[in-house]
Q: 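Shown below is the structure under consideration.
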Amino acid sequence: MVDGIIFEGVRKSFTTIDGETVNALNGVDLEIEKGDFVCLIGPSGCGKSTMLRLLAGLDVPTEGSIYIDGSKVTRPDHDRGLVFQDPNLFPWLNIYDNISFGLKVRKLFKERKNDVDEFIELVGLKGFEKSFPHQLSGGMCQRASLARALIGHPKALLLDEPLGALDAFTRMNMQDELLRIKSEKKMTMIMVTHDVDEAVYLADKIVVMTPRPAKIEDVIDVRLSQPRDRNNPEFIRLRSKILKILDFAGKERDVEYNI
Ligand code: ADP
Ligand code: MG
């Protein structure tokens with residue numbers, strides 16, 4: 001596969017301030033097809049953010065390589081857009097200036113001015129261009145953060161628990177927004193989530209990871225058509241399957257209560 005994203009024998013270890021070695025990823029092999037929506041799910045601290053940071057080029061693997069459309073990832077580039085749980089907007093800039101900031105830094109603003117309006121409209125923030133981040137809800141700030149990542153026309157959008165801080169209803173609306181944006185812009189999306197329901201609702205492929213040092217435990221193809229029904233029997237079957245893999249289902253769970 002030349003098109004798409006490939007993790008080839010990726011290992012990552014860190015040295016802590018005490019000189020201890022932490023193995024975050026232990027030989028990750030993964031192929032992601034162009035245009036797929038992939039969710040990474042696994043226990044906290046298992047290396048999901050590390051995988052995204054390596055793919056973003058913000059850090060380098062200790063061993064192994066990552067390729068995007070045949071080119072080895074060596075540094076950050078605009079072909080990969082990043083969205084985090086915290087929208088990370090500049091509080092002193094209004095929404096329009098936050099979204100166009102990257103284009104201005106790259107001296108592309110004049111040429112791509114129309115893009116700013118297009119992406120503001122795409123994420124549903126038309127009319128809020130002059131608002132500052134503190135005047136908007138968490139969901140709206142996250143929409144701005146999405147537009148800021150999309151403005152560079154990335155091949156892949158890397159989302160690290162982007163909906164984690166939102167209330168349940170806003171979160172479900174934002175899931176549909178992500179799918180709408182994906183269907184319009186046809187990019188690859190890779191999203192870290194702790195929410196099994198969210199993964200089954202969104203993903204073409206769910207990568208389930210083991211506790212640290214992380215390896216891939218299972219890759220599950222979700223063959224349900226979009227839009228998905230959370231009450232569909234196959235949806236429920238997949239949700240139970242993943243909960244079982246993650247050890248959050250079944251009576252055999254080791255808990256210290258009996259009601
Ligand atoms: P996740 O996103 O799955 O919760 P992370 O990828 O953030 O996990 O981290 C995986 C492991 O690597 C954790 O144990 C974390 O403490 C460790 N780690 C991540 N970044 C560093 C770093 N810069 N220095 C030392 N340890 C790190
Ligand atoms: Mg993380």
Side-chain angles (χ1 to χ4, degrees), residues 5-32 36-68 73-76 80-89 138 141-142 145-146 148-149 154 156-167 171 174-175 178 188-203 205-220 239 242-249:
I5 293 166
I6 299 178
F7 283 74
E8 209 175 70
V10 174
R11 198 173 70 73
K12 178 69 187 172
S13 55
F14 295 102
T15 308
T16 63
I17 326 172
D18 311 329
E20 228 181 278
T21 303
V22 178
N23 283 320
L25 295 175
N26 208 3
V28 167
D29 292 298
L30 180 66
E31 288 193 7
I32 295 172
D36 262 3
F37 199 132
V38 172
C39 279
L40 304 179
I41 199 160
S44 196
C46 79
K48 303 178 296 294
S49 296
T50 303
M51 266 181 84
L52 283 199
R53 287 177 55 79
L54 294 175
L55 175 54
L58 295 171
D59 207 341
V60 285
T62 309
E63 250 175 51
S65 306
I66 301 170
Y67 301 90
I68 178 159
V73 171
T74 52
R75 60 185 175 85
R80 283 148 283 147
L82 264 165
V83 180
F84 301 96
Q85 182 168 344
D86 184 330
N88 284 319
L89 299 171
C141 287
Q142 207 48 299
S145 166
L146 262 174
R148 190 185 46 186
L157 192 62
L158 317 184
L159 305 140
D160 197 350
E161 300 187 56
L163 313 182
L166 305 178
D167 68 82
R171 184 169 188 153
M174 286 298 288
Q175 291 167 358
L178 282 176
T188 309
M189 287 193 178
I190 303 171
M191 174 163 158
V192 169
T193 179
H194 280 113
D195 184 338
V196 177
D197 203 82
E198 181 165 275
V200 181
Y201 190 72
L202 295 173
K205 216 178 250 251
I206 301 174
V207 178
V208 188
M209 298 175 67
T210 58
R212 188 163 60 86
K215 282 190 111 164
I216 292 172
E217 173 92 36
D218 209 342
V219 178
I220 294 163
R239 181 171 41 200
I242 296 164
L243 284 170
K244 253 191 206 128
I245 299 172
L246 292 169
D247 206 15
F248 282 112

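In each ligand, atom 1 is the first atom listed, and ligand 1 is the first ligand listed.
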Q: CD1 of Ile245 to CD1 of Ile41: how many Å apart, nearest 0.5 Å?
A: 10.0 Å
Q: Run down the list Pro43, Gly45, Pro211, Ser13 and name the one with the heavy atom closest to atom 10 (C) of ligand 1.
A: Gly45
Q: What distance separates Lys215 NZ from Arg11 CZ, expressed to the nearest 0.5 Å?
A: 11.5 Å
Q: Tell me whether atom 15 (C) of ligand 1 lies less than 4.0 Å from at least one protein heavy-atom position.
A: no
Q: Do Gln142 side-chain atoms and Gln85 backbone N/O form a donor-acceptor pair below 3.5 Å?
A: yes
Q: Does the pair Val200 and Ile206 meet the rule for a side-chain contact (heavy atoms from CB on, under 4.5 Å), with working shown?
A: CA-CA 8 Å; Val200 181; Ile206 301 174; 4.0 Å; yes
Q: Would you confirm whether Lys48, through its side chain, and Met191, through its main-chain N or O, come within 3.5 Å as a donor-acceptor pair?
A: no
Q: Atom OG1 in Thr50, atom CG in Asp160: separation rounded to 0.5 Å?
A: 9.5 Å
Q: Could you list the atoms of ligand 1 found under 4.0 angstrom from a heavy atom of Ser49?
A: 1 (P), 2 (O), 6 (O), 7 (O)
Q: For atom 8 (O) of ligand 1, which protein heavy atom lies nearest, and how many Å away is it?
A: Gly47 N, 3.2 Å
Q: Are the side chain of Asp197 and the backbone of Asp195 linked by a donor-acceptor contact shorter than 3.5 Å?
A: no
Q: Within a distance under 4.0 Å of any heavy atom of Ser44, pick out the atoms of ligand 1 and give their elements.
A: 4 (O)
Q: Please confirm if an N, O or S atom belonging to Thr50, backbone or side chain, lies less than 2.8 Å from the Mg ion (ligand 2).
A: no
Q: What protein heavy atom lies closest to atom 19 (C) of ligand 1? Include the residue and the distance to one decimal.
A: Phe14 CE1, 3.4 Å
Q: Should you measure from each heavy atom of Cys46, which atoms of ligand 1 turn up under 4.0 Å away?
A: 1 (P), 3 (O), 8 (O)
Q: Whether the side chain of Thr62 engages the backbone of Ser13 through a donor-acceptor N/O pair (distance < 3.5 Å, no angle test) should be reported.
A: yes
Q: Which of the atoms in ligand 1, numbered in the order shown and given with their element, are less than 4.0 Å from a heavy-atom of Thr50?
A: 5 (P), 6 (O), 9 (O), 10 (C)
Q: Who's closest to atom 3 (O) of ligand 1 heavy-atom-wise, of Met209, Lys12, Lys48?
A: Lys48
Q: Got the closest protein heavy atom to atom 12 (O) of ligand 1, with its distance?
A: Ala24 CB, 3.6 Å
